[in-house]
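Quick note on labels: first sequence line is chain A, next is B, and so on, each numbered from 1. Being a predicted model, the structure only gives us computed values, none of them experimental.
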Amino acid sequence: MATEFHNLQELRHSASLVTKVFVQRDYSEGTVCRFHNKFPSDLHNRIERTLLEETVKTLNSYYLEAEKIGGQSYLEGCLACATAYIVFLCMETRYEKVLKKISSYIQEQNEKIYAPRGLLLTDPVERGMRVLEISVFEDRGSGSSSPSSSTTSAGSSAR
Amino acid sequence: MSLGQGPRSRRSSRGRIPHVRLGNRRHRRSGELDCIGLCTNLQHRRAETPRLHKTNKKNSWHARRRARTMSAVMVTRKVRKWEKLPGKNTFCCDGRVMMARQKGVFYLTLFLIVGTCSLFFAFECPYLAVHLSPAIPFFAVLLFLFVIAMLLRTSFSDPGVLPRALPEEATFIEMEIEAANGNVPAGQRPPPRIRNVQINNQIVKLKYCYTCKIFRPPRASHCSICDNCVDRFDHHCPWVGNCVGKRNYRYFYMFTLSLSLLTIYIFTFNIVHVVMRSVDGGFLNTLKETPGTYPFLFFFFKVLVCFFTLWSVVGLTGFHTYLISLNQTTNEDIKGSWSGKNRVQNPYSHKNFMKNCCEVLCGPTYPSVLDRRGMTQEDLTVSSASAAPSSSSSSNAAPQTTKTTAPLIPNEHTPDDARPSIAASAENSDSSKEGFPPKRSSPARVTSPRVALIKCI
C-alpha cells in the first residue's frame with residue numbers, strides 16, 4: 001500500500017512522481033464535456049473505486065450544468081448579442097462560474113481524498129478539457145511500490 | 001530544442017541562451033531573468049576547456065557552442081504561456097489578442113468597411129439627415145459599430161484551439177494504441193489510428209492528429225495554416241485573419257449578418273440619395289457636380305464595393321444560416337460527412353430549426369482552454385547527453401516535476417516550411433492522412449520537426 005501523506009505540501013516536497021494516469025473523455029453523448037467513469041487499472045491498490053467514480057460523476061454533473069442549453073443561456077446569449085458582446089468584458093459567463101466551482105471542488109478533493117493516498121488530480125481545464133490527469137506519487141524515502149513495466153517506462157520518461 | 005532556428009520566429013529569442021540575447025527588447029519586457037550559476041558556470045567552462053581563450057575569433061562561436069554542450073547552464077525565468085505556445089499564431093497585447101500569421105486580407109477587410117462607411121458618413125449622411133431623417137445616419141453608425149465589434153471579436157479571439165498533448169499524455173495514448181494494435185509484422189504498415197465512437201446511433205470516427213498527438217474530439221479538425229487543432233472547426237477565414245471554430249462562430253455569423261445589413265443599408269441610401277438629387281436637379285448634373293460636394297469617383301467606389309459585397313456577403317450569410325439550421329460546420333459540409341449517403345445522418349442536429357439555431361447562437365460561451373496569459377517558469381537546461389537542448393517548464397500550481405515541453409520540440413522549424421492551404425477550409429491534413437501513421441519503428445519517441453510537420457500536411 002502507498003505511503004500516507006498528510007497534505008498537499010508534503011506531497012509536492014517529499015514525493016516523487018511515479019506515473020500519470022489519464023481518464024479520457026466520453027463522447028458517447030456528443031460533444032458535451034464528460035469523462036469516462038471507468039476505473040483505471042493502475043490505481044487498483046491506490047484508491048477505492050467508489051471514491052474516484054464519485055469524483056468523476058460529480059465533475060460530469062458540473063460540466064453538464066455549465067453546458068446546459070436552457071433559459072439562462074438564451075438570456076445570456078441574447079443580452080450579450082444586443083450589447084455587441086461588450087457585456088462579457090464586465091460580467092463572468094455562467095461557464096466560467098462553473099469552472100471556478102469545479103476548480104475549488106478538485107482542490108478540496110485533492111486535500112481530503114487524493115493527497116493522503118499519494119495521488120493528485122489536475123483540473124481538466126489545464127489539459128484542454130481532454131483528459132482528467134491523475135498523478136501518482138510515492139514517498140522518496142520509502143522503496144517504490146511495484147508499478148507495471150509499462151508504467152515504469154512512462155514514469156521514467158516523465159522524470 | 002535547437003538554437004538559432006528562424007531569427008524571425010518569436011520563439012527564437014526565447015530559445016537562445018539568454019546571456020547571448022540580453023540586448024533583446026522583447027525579452028526584457030516580457031519576463032524576468034534569474035540566472036542561476038551563470039557566472040560560476042562561465043569559469044567552470046573555462047576551466048574545462050582551457051583551449052577556449054586560445055581559439056581565434058572565427059572559431060570562437062563554435063568553441064562556445066561546444067563548451068555549452070559540455071556543461072550545464074541553467075537559467076530560470078518567468079514568461080507568459082502564450083510565448084511558449086506552439087502553432088503559427090501571432091499574439092498581440094501580451095497574449096490578449098490571437099490571430100493567424102497572415103493578416104493582409106484582414107487589413108483589406110477593415111479598410112473596405114471603414115473606407116466605404118467613412119465616405120457614406122461624409123457625403124451622404126449630411127444630405128439625408130437634412131432632407132429625410134436624422135435617424136438614418138444614427139442607425140448607420142450603430143450598425144457600423146456593431147460590424148466592427150463583431151469583426152474584431154472574431155479576429156482577435158481564440159477560435160477554440162485544443163492545446164497539444166504533453167509528453168506523458170502522448171506516451172499514454174501511444175501505449176494504448178500499441179496495446180490495441182497488438183503485434184504488427186515487420187515491414188507492414190500499422191493500422192490507421194482511428195477510434196470509433198457512437199453518438200446518437202451514429203458511428204463517428206475520431207482521427208489521431210500527429211502534430212498535436214491527440215485523438216481529435218468529434219467535429220474538431222487541424223488547421224494547417226494555424227497549425228492547431230480547433231474544436232468544432234468551421235473554416236479558416238483569411239478575411240478575418242483567424243480560424244472560425246467553436247468559440248467564435250457566433251461572432252463570425254453576427255459579423256456576416258450585420259455586414260450584409262450594413263451593405264444593403266448603404267447601397268439603398270446611396271441610390272436614394274442619387275435619386276433625390278436627380279429629382280432636384282437632373283441625373284447627369286448630379287454626377288457632374290464639383291468634387292467638393294459630390295465626388296463622382298467616390299460614388300462609383302461605394303456602389304462597386306457595395307455591389308460585390310452584397311452578392312458575396314449576403315450569399316455567405318445565407319449559406320451559414322443554412323448550416324446553422326442543420327447544425328453543421330462548413331468543414332462537414334465540404335467533406336459531405338452528413339450528406340445522407342448510406343443513411344448517414346448528422347448526430348448533432350436536433351432535427352428542429354429553432355433548437356439548432358438556439359444551440360449554435362445562444363448556447364453557452366465556452367472559455368478558452370489555452371490560458372495565454374498565465375505565467376509559467378521556464379528552465380533552460382543545455383546538456384551534452386541529448387542531441388538538442390531540452391527545456392522544461394512547470395506551471396505554478398502543478399507539482400515540481402521536470403518534464404520536457406513536448407510542444408516546443410516538434411515546432412522549432414521555420415515558418416516557411418508550411419504550405420498554406422489554398423481553399424478556405426483546412427481539410428488537407430484531415431483527408432490526406434486518414435489517421436495512417438508513417439513507417440517508423442517507435443512512434444513513442446519525440447519526432448524531428450520536419451517529420452512531424454510532414455505527417456500532418
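The backbone N or O of A:T31 sits nowhere less than 3.5 Å from a side-chain atom of B:R219 that would complete a donor-acceptor pair.
Taken from CE in B:M254 to SG in A:C81, the straight-line distance is 4.0 Å, to the nearest 0.5 Å. Taking OG1 from B:T154 and OH from A:Y85, the interatomic distance works out to 9.5 Å, rounded to the nearest 0.5 Å. Atom CZ of residue B:F172 and atom CD of residue A:Q24 lie 6.0 Å apart, to the nearest 0.5 angstrom. Put simply, CD on B:E168 and CG on A:L17 are 7.0 Å apart, with the number rounded to the nearest 0.5 Å. To the nearest 0.5 angstrom, B:N196 atom CG is 14.5 Å from A:Y27 atom OH. Interatomic distance, CG of B:L166 versus NZ of A:K20, reported as 7.0 Å (0.5 Å rounding).
The local environment of OH in A:Y74 is crowded, with over 12 non-hydrogen atoms from other residues, nucleotides or ligands closer than 6.0 Å. Few gaps surround NZ on A:K97; more than 12 heavy atoms of other groups in view lie less than 6.0 Å from it. For NZ of A:K112, the number of neighbouring non-hydrogen atoms (other residues, nucleotides, ligands) closer than 6.0 Å is 12 at most.
Within the 4.5 angstrom heavy-atom criterion, only side-chain atoms of A:E76, from C-beta onward, approach chain B. The part of A:L99 that comes within reach of chain B is its side chain, from C-beta onward, which places non-hydrogen atoms under 4.5 angstrom from that chain. With a threshold of 4.5 angstrom between heavy atoms, B:L370 does not approach chain A through any atom at all. Of the two parts of B:E176, only the side chain, counted from C-beta on, holds a non-hydrogen atom closer than 4.5 Å to a non-hydrogen atom of chain A. Both the backbone and the side chain of B:P163 come within contact range of chain A, with heavy atoms under 4.5 Å apart. In this structure, chain B has a heavy atom under 4.5 Å from the backbone of A:A66, while its side chain stays farther away. In this structure, chain A has a heavy atom under 4.5 Å from the backbone of B:N200, while its side chain stays farther away. Proximity to chain A (any heavy atom under 4.5 Å) is shown, for B:L145, by neither the backbone nor the side chain. Looking at B:E359, the atoms closer than 4.5 Å to chain A (heavy atoms on both sides) sit in the backbone and in the side chain alike.
Here B:Y366 is the residue among B:Y348, B:F215, B:Y366 with the most heavy-atom pairs under 4.5 Å with chain A. The choice from B:G363, B:P217, B:G374 that makes the most heavy-atom pairs within less than 4.5 Å of chain A is B:P217.
Between B:P364 and A:T93, the closest side-chain pair of non-hydrogen atoms is not below 4.5 Å.
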Could you walk me through whether A:S73 and B:C362 satisfy the side-chain contact (heavy atoms from CB on, under 4.5 Å) test, starting with their C-alpha distance in whole Å, then the side-chain angles of each, then the deciding distance to 0.1 Å, before giving a yes or no?
CA-CA 6 Å; A:S73 76; B:C362 297; 5.7 Å; no

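In this structure, B:E169 pairs ionically with A:R130, as a charged nitrogen and a carboxylate oxygen lie closer than 4.0 Å.
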